[in-house]
Chemist: 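Sending over a structure as C-alpha cells; questions will come in a sec.
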Protein chains: 2
Amino acid sequence: MATIYQVSELAGVSLATVSRVMNGGTRVSEKTREKVTKAMETLNYRPSSIARSLASNCSNSVGILVSELHGPIYGEMMSGIEKQLRTAGKHVIIAAGHSDAASEKDGIEFLIDRNCDALILHVEAVSDEYLIELATTKYAFILINRYIPQIADNCISLNNRRGGYLATKALLENGHRDIAYISGPLWKMDANDRYLGHQEALSEFGIACNEALLSEGNFQEEGGNECMLALLDTKIAFSAVVCANDEMAAGAMQAARDRGLAVPNDISVMGFDNVLLARYMYPKLSTVNYPVQDMGKMAASWILKNIYQANQPDISHVFEPELVWRDSVISL
Amino acid sequence: MATIYQVSELAGVSLATVSRVMNGGTRVSEKTREKVTKAMETLNYRPSSIARSLASNCSNSVGILVSELHGPIYGEMMSGIEKQLRTAGKHVIIAAGHSDAASEKDGIEFLIDRNCDALILHVEAVSDEYLIELATTKYAFILINRYIPQIADNCISLNNRRGGYLATKALLENGHRDIAYISGPLWKMDANDRYLGHQEALSEFGIACNEALLSEGNFQEEGGNECMLALLDTKIAFSAVVCANDEMAAGAMQAARDRGLAVPNDISVMGFDNVLLARYMYPKLSTVNYPVQDMGKMAASWILKNIYQANQPDISHVFEPELVWRDSVISL
DNA sequence: AACATCAATGTAAGCGCTTTCATTTGGTTT
DNA sequence: AAACCAAATGAAAGCGCTTACATTGATGTT
C-alpha cells in the first residue's frame, strides 16, 4: 500500500501539498495538481481513511442502531439512510438493539466507542431521560420514530395519531359503526398515539368508544391472532377491526378465518405501516402508509447538515401518514 | 475525552503499561493493573478505536455488501452476521450493491477504502473473474450465496439443486404428475441449479420434463404473476407449480386466483426460500427453507477464524435446504 | 528599485495509540 | 553479599495523515 509519503516523493512535492490536492479545498497550482494526481495513479494510491480520521478528528462514519436488522421496517429505513449517506462519502455502521433497554444502551455505547461522528437511533426501550442526557451532554444523534419534546430537534417521527385517525375514519366513511381495535403495547408512544387517533375519529362521528372492543397486542402476528380471538369471544358484534400494525392484521385475519369468518365480507381489516407483506396478503391489506424510507433519508440529511455542514434541503421532523386502500375492507 | 496519556499520568505509569492493561495479553502486576483500571474509570476513559487501528494496522471492521438493505433475505443475513461479529467486538459497515455490476464494484471499492479488514459479499452481477482476481491478489472476503470453484474456500452457498429437487419431489410424492415450473433468470447460477434439481426429481419419477411447462421469471412477484398467466395460457393441464422463490409464488397464487382457480384445491403452489412473508400468505406457503441467517453467521465465523485468528467451530461451506410443509399444496 | 502583497509550497508538530527494545526491580541462588 | 534472572516497566519510534505556521517567489505599487 502506497502512502502519502511515497506519493509526495514521486511527485517531488511535500506531504502537505499532496494532502491539499486530496482534499480539494485549498489552492494548488494546476501544474502541481497534475503531477500529484499522476503520481497517485501510478502508485495506485489509496488514502488511509483511518489515518485521516485520526488526524482530522472526524471518522466520516455514522452509526445506526435499529431494533432488528431483519423485519420489514428496518430494512427500508436503513436503505434510505445508506443511499443518502454513501452519496456523501460517509459510511454506515450498524448495530441491533433488540428492543431491550440494556441491549440498546449497549449498542449505543458500542457505536460511540467506534468513534462515529453521529448516531441514528431507532430505540424503543431506552428511557427519555437517558436520551435527553445523551443529547445534551455527550453525543450527536437523531432519533427516528420517536418524539421527545425536550429534544424535538433530534427527532424524526410519524404523525401516528393522524394515522390512527385516518384508518378509523376510512372505515367510518364506508359505513362501519362497530369497530374493534387491536393496539400495540400501549406504553409505547406510537401505539398509544395511534389509538388516540382512533378515538378521535370515533368521537368525530359521534360514536362512543367501547373499551370492550379494544384489545392490547404486542405488534406481532401471533398477538394479532390472540387479540382477534379475544375480541370475537366477547360476542360483541363488530364489522371491522383496525390493527395497529400490519403483522397483527395478518394474525387477525388468520384468526377470523379460523373462526369461519370471511375477510372482508364478514369482517373488514385495516392495518398500519404498509410494510411489504401487506401487498402479499390475501386479501391485500388496506393500511396506512408509514414512509419509513423517506424518514431514513431525512435523518441522514439532518446529519449531513448538522454534523458535516453539508448543504441540505430543510429538515422535516414530522411525517404524515396516508391511507392505502386495498382489498381487506368493504363498504357497507 | 481523556487520552491514554492522561490515564498514564494519573496512574503514575507509562503509556506502554496502560496499553498493556487495555489489551490484556502481556503481564502486568496486579497492583499496577488496578491503579490503571481505577484511573481509567475516574477519567471515564474510552480508547480511541481509530488511533488503535492506525497503530495496530487493524480496523476491526468488516464490510458487508448486499444487493439491497431491504428485501426479505438480506435482513436475515445481516442479522446473523451482526450478532456474530459484534460479540467478537468487530463492527459491521454496510453498503448496497443493487444487483448491478458497476454498482457492486463501487460498493466493494467503497468498503475497501474504508479499511475494512475483510468483506462479506452478496453480489450477483459482478463476474467470477473479477472476484477471483480480487481474492487472489488483493483482499480477504467471503462470498455468500455464490459458488466459484476456483475460490471455493471463499464461498458459502446453499445446495440449490437439492432444494429444487426437494420441492418437486414433495409434489411428486403427493401424487402430482403434471408440474409446472416458474424459474428465476436462468443465467443466475442459483436459479439454474434449482431448476436442475426440479428436473432431477422428475426424472427420478420417470417423468419427462416438458419444456412448455417452464416459464422463466425474474424472482419478483410481478414476474411470478406473468409467468403463471403464461403457463395457464398454454392450456396444458397441470396440478401444481413450483416457483423458484417465494415472491414469485405470491405472484403466481394471485394470478391463479384472478383466473378463478383456488389454491391449493385447483392448483398447488410451492415456493422457495421460506422468507418471512411465506407464513403470512394465504394459504400459507409450502416452501423450501433457505437458512440464510445461519449462513450469515457462518460467514462471520469464517472471518473471525481466518482474519482475526479467533477460535471458531469448523466452517461449513455448503448448506442444505429443507422442505417446509404448509397449506399451499394438497395431496392428490 | 525598494517594498508590500499574496498565492503556492514546505516544515514540522501533532492525532492517540501499539510495540520493540532497553532498563529497572526484586527475588533466588551461591 | 555478590551475582543472576525473569518479570515488570519505561522510552521512544512509528502508524499515515492534517494543519498551523513559516517560507518562497511572483506580481503590482510607488
Side-chain angles (χ1 to χ4, degrees), chain A residues 1-40 43-61 89-91 112-117 308-309, chain B residues 1-40 43-61 89-91 112-117 308-309:
Chain A
M1 260 301 62
T3 72
I4 194 178
Y5 185 77
Q6 307 175 37
V7 174
S8 85
E9 199 170 30
L10 181 61
V13 300
S14 72
L15 292 195
T17 302
V18 178
S19 177
R20 284 189 190 101
V21 351
M22 266 201 284
N23 297 297
T26 21
R27 10 188 80 284
V28 180
S29 76
E30 206 41 54
K31 220 177 351 182
T32 54
R33 179 185 307 280
E34 260 172 39
K35 271 194 308 189
V36 172
T37 312
K38 185 177 278 180
M40 286 180 173
L43 293 172
N44 190 23
Y45 170 69
R46 298 306 187 82
S48 153
S49 66
I50 295 197
R52 299 177 89 163
S53 296
L54 184 60
S56 66
N57 194 30
C58 162
S59 68
N60 283 309
S61 71
K90 312 303 174 194
H91 68 262
I112 292 180
D113 282 350
R114 249 52 210 187
N115 296 87
C116 296
D117 295 330
Y308 298 114
Q309 285 78 44
Chain B
M1 261 295 68
T3 73
I4 195 179
Y5 186 78
Q6 307 176 37
V7 173
S8 85
E9 199 170 32
L10 181 61
V13 299
S14 72
L15 292 196
T17 302
V18 178
S19 177
R20 284 188 190 100
V21 351
M22 263 200 286
N23 297 297
T26 21
R27 10 188 80 287
V28 180
S29 77
E30 205 41 52
K31 223 179 346 186
T32 52
R33 181 186 304 281
E34 259 171 38
K35 271 194 308 191
V36 172
T37 312
K38 185 177 279 179
M40 285 179 173
L43 293 172
N44 190 23
Y45 170 68
R46 298 306 185 82
S48 153
S49 66
I50 295 197
R52 300 178 88 165
S53 296
L54 183 60
S56 66
N57 194 30
C58 161
S59 68
N60 284 308
S61 71
K90 313 301 175 194
H91 68 261
I112 292 180
D113 281 349
R114 249 51 210 187
N115 295 87
C116 295
D117 295 329
Y308 297 115
Q309 285 79 42

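Values in this document were obtained by computation on a predicted structure and should not be read as measured data. Chain identifiers are assigned alphabetically (A, B, ...) following the order of the sequence lines, protein sequences preceding nucleic acid strands; residue numbering begins at 1 within each chain. Only heavy atoms go into these numbers, but all of them, side chains included; no hydrogens, no water, no symmetry mates.
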Chemist: How many Å lie between CE on M40(A) and P on dG16(D), as a whole number?
Modeler: 15 Å
Chemist: NA contact type, S53(A), heavy-atom cut-off 4.0 Å: base, sugar-phosphate, or nothing?
Modeler: nothing
Chemist: Would you kindly compare T17(B) and N57(B) by the position of their nearest DNA chain D nucleotide and give the one closer to the 5′ end?
Modeler: T17(B)
Chemist: Could you tell me how far apart M1(B) (CE) and dC15(C) (P) are, to the nearest whole angstrom?
Modeler: 15 Å
Chemist: Among the nucleotides dT18(C), dT18(D), dA11(D), which one has an atom lying closest to any side-chain atom of M22(B)?
Modeler: dT18(C)
Chemist: To the nearest 10 degrees, how far apart in direction are the end axes of the helix from dA1(C)-dT30(D) to dT30(C)-dA1(D), each fit to five base pairs?
Modeler: 50°
Chemist: Nearest 0.5 Å please: distance from the OG1 atom of T3(B) over to the CZ atom of R46(B).
Modeler: 15.0 Å
Chemist: Distance only, no hydrogens: is a donor on one side chain within 3.5 Å (strictly under) of an acceptor on the other, for N23(A) and R52(A)?
Modeler: yes
Chemist: Quick one: is Y5(A) getting a side-chain N or O under 4.0 Å of the dG14(D) phosphate, OP1 or OP2?
Modeler: no
Chemist: Any idea which of dT18(D), dC17(C), dT11(C) is nearest the R52(A) side chain?
Modeler: dT18(D)
Chemist: So if I take every side-chain heavy atom of L15(B) and compare against dC17(C), dG10(D), dT11(C), which nucleotide ends up nearest?
Modeler: dC17(C)
Chemist: Measure from the side chain of T3(B), starting at C-beta and using heavy atoms only, and say which of dA11(D), dG16(C), dT18(D) lies closest.
Modeler: dG16(C)
Chemist: Picking from dA8(C), dG10(C), dG16(D), which would you name as closest to the side chain of S29(A)?
Modeler: dA8(C)
Chemist: Rounded to the nearest 0.5 Å, how far apart are OG of S56(B) and CD1 of I50(A)?
Modeler: 8.0 Å
Chemist: What integer distance in Å separates E30(B):CD from dA7(D):P?
Modeler: 16 Å
Chemist: At 4.0 Å (heavy atoms only), tell me whether S19(A) reaches a base, stays on the sugar-phosphate, or touches nothing.
Modeler: base
Chemist: Is the shortest side-chain heavy-atom distance between R20(B) and V36(B) below 4.5 Å?
Modeler: no
Chemist: Any side-chain N or O of T32(B) below 4.0 angstrom from OP1/OP2 of dT9(D)?
Modeler: yes
Chemist: If you look at every heavy atom in N60(A) and R114(B), which pair is closest and at what distance?
Modeler: CB-NH2, 3.5 Å
Chemist: Whole-Å distance between dT19(C) C1' and L54(B) CG?
Modeler: 13 Å
Chemist: Any base atoms under 4.0 Å from V18(A), or only sugar-phosphate, or nothing? Heavy atoms, all strands.
Modeler: nothing
Chemist: Nearest whole angstrom, please: distance from the C1' of dA7(D) to the CZ of R33(B).
Modeler: 13 Å
Chemist: Looking only at heavy atoms, which two atoms of S61(B) and H91(B) are closest? And how far apart?
Modeler: CB-NE2, 3.1 Å
Chemist: Indicate yes or no: at least one non-hydrogen side-chain atom of I4(A) is less than 4.5 angstrom from one of Y45(A).
Modeler: yes
Chemist: Encode nucleotides 21-27 of chain D as B, S and - characters from 5' to 3', where the letter depends on protein heavy atoms closer than 4.0 Å: B to the base, S only to sugar-phosphate, - to neither.
Modeler: -------
Chemist: Can you see which heavy atom on M1(A) is nearest to which on N44(A), and at what distance?
Modeler: CE-O, 4.3 Å
Chemist: Look at the side chain of A16(A) and decide which nucleotide, out of dG10(C), dT9(C), dC17(D), has an atom nearest to it.
Modeler: dG10(C)
Chemist: Go through dG10(D), dT18(D), dC17(C) for me and flag the one nearest to the S14(B) side chain.
Modeler: dG10(D)
Chemist: Donor-acceptor pair, S59(A) side chain versus N115(A) backbone, under 3.5 Å?
Modeler: yes
Chemist: For residues V18(A) and Y5(A), determine if any side-chain heavy atom of one lies less than 4.5 Å from a side-chain heavy atom of the other.
Modeler: no
Chemist: Which whole-number value in Å describes the distance from I4(B) CD1 to dT19(C) P?
Modeler: 11 Å
Chemist: I need the CG-P distance between D113(B) and dG16(D), as an integer number of Å.
Modeler: 16 Å
Chemist: Looking at A39(B) and A11(B), what are the two nearest heavy atoms and their distance?
Modeler: CB-CB, 3.9 Å
Chemist: Consider the side chain of A55(A), meaning its heavy atoms from C-beta on, and name the nucleotide among dA11(D), dT19(C), dC15(C) that approaches it most closely.
Modeler: dC15(C)
Chemist: Output the rounded distance in Å from CD1 (I50(B)) to C1' (dT18(C)).
Modeler: 16 Å
